[in-house]
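Counting convention: from 1, in listed order, for ligands and their atoms alike.
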Amino acid sequence: MAVLDQLTSQQAIDLENKYGAHNYHPLPVVLNRGEGVYVWDVEGKKYYDFLSAYSAVNQGHCHPKIVNAMVQQAQTLTLTSRAFHNDVLGKYEKFACEFFGFDKLLPMNTGAEAVETALKLCRKWAYEVKGIDENNAEIIVCENNFHGRTTTIISFSNDPIARKNFGPYTKGFIKIEYDNLTALEEALKNNPNVAGFLVEPIQGEAGVYVPSDDYLVKAKALCEAHNVLFIADEVQTGIARTGRLLATCGNCSCENKNCDNTPDVKPDVLILGKAISGGVYPVSAVLANDAVMQVIKPGNHGSTFGGNPVAAAVAMAALEVVQDENLAENAFTLGELFRKELNKYIETSGIVKLVRGKGLLNAIVINDDEGSNKAWDICLALKENGLLAKPTHGNIIRFAPPLVMTEEQLLDCVSIIIKTLKSFED
Ligand SMILES: *Cc1c(COP(=O)(O)O)cnc(C)c1O
């Protein structure tokens, strides 16, 4: 087979199976083109993308403004490392700090790196500002969290598949139940070594668990009372996904009039990734105010590619698209419609237990055992019917389309989903 020959789906899958490590279990579909809310497979079949690369492609596939920013910058200057300055990074840092309402930004590439950065920042702040004795800092995390795949991050995961046989694990983490303020208060009480509380505003990977309306605001108040940093991992929930610019939305420049009535919370440390680049380039960031970020000094932390001019240009364009195209507002409106339409169906059927979510980060829970294959089989059938989604944790299917979707497209998707679910009714 010549390198330039168009592969069939099966050939492409066979190649990955033979030469690629088996660290994923993809749906059997091979894509070679994307535009807006659509992707096409190598045989030319068109699909609605209802995953958006785990909420990285919020702005839609191959958004021309973002791609253009990348091409322009790639033809001019791609990488200097941070040994030298480049003329895009500062502009991007100013833009993003004003956009999200923070003093400073630390640029990295992937979500996991940004989480690692936030943990290091929190520990250093604990020793140098809060005054915890060296090596004693503890960070509170939540059960069923997902924060990435590094050795330290999986050390405080409780997913056996992500953890087993990767030890020894990093110490210094306390795990509590999600959406449980009493558990947080207990963990903070009488423990002067707690430095931070790391939390997802909605647990995406775990199955789109939305906490009580007052959870984040009260958790932040508890952290403040104990001089503990409130660290929000908005890698998946951020950048308009949940119907507001950030799920915490604290003091950002969001002008979404429809914003739901969850109280705003301003994290001490904000972690962003995924859609901060619209899915065209790996970009992540940690934002904080000076009182925290000042503990980082030259040589303490870094990354060869972090803050490179292509990443900076791409991220600025991607954030502008979110604002120019009112993606937060669109996600809010379409999310309400999506849950309303699915709830109508759920009332009449036994196949789906419930739909939950915020904005366009939603999930349905299939009425079956955790261990059954039904969610996977439904995703295969959805694919046949022209819509791509993936199960997360057994019997849960996550629905997260690009936020550039129109109402007409969304209703089309709802009818595909309901038609498919109906075919599984007994
Ligand atoms: C995806 C994700 C990460 C990890 O991001 P990577 O870019 O895959 O390293 C971290 N936190 C949350 C909440 C995520 O959804």
**Q.** ligand 1 to Val115 polar contact by distance, N or O atoms, under 3.5 Å
**A.** no
**Q.** Which atom of Gly357 lies closest to which atom of Val208, heavy atoms considered
**A.** CA-CG1, 3.9 Å
Q.
Give the atom numbers and elements of ligand 1 that come within less than 4.0 Å of a heavy atom of Asp233.
A. 10 (C), 11 (N), 12 (C), 13 (C)
(Q) Do the side chains of Glu185 and Lys189 get close enough for a salt bridge, i.e. N-O under 4.0 angstrom? (A) no
Q: From the options Phe146, Tyr215, Tyr209, select the one residue that forms a ring pair (Phe, Tyr, Trp, His ring centres under 6.0 Å) with Tyr178.
A: Tyr215
Q. Nearest heavy atom to atom 1 (C) of ligand 1: which of Lys274, Gln236, Glu200, Glu113 does it belong to?
A. Lys274
Q) Is the closest heavy atom of Tyr54 to ligand 1 under 4.0 Å? A) no
(Q) Tell me if the centroids of the rings in Tyr48 and Tyr38 come within less than 6.0 Å of each other. (A) yes
Q: Evaluate side-chain contact (heavy atoms from CB on, under 4.5 Å) for Val269 paired with Trp125, printing each intermediate quantity in order.
A: CA-CA 11 Å; Val269 180; Trp125 171 87; over 6 Å; no
Q. Is ligand 1 less than 4.0 angstrom away from at least one heavy atom of Glu205?
A. no
Q: Number the atoms of ligand 1 from 1 as they appear, then name those within less than 4.0 Å of a heavy atom of Gly111, with their elements.
A: 4 (C), 5 (O), 6 (P), 7 (O), 9 (O)
Q: Out of Ala56, Gly204, Ala112, Ala53, indicate the one that has the non-hydrogen atom closest to atom 9 (O) of ligand 1.
A: Ala112
Q. With the threshold set at 4.0 Å, does a side-chain nitrogen-carboxylate oxygen contact exist between Lys120 and Glu116?
A. no
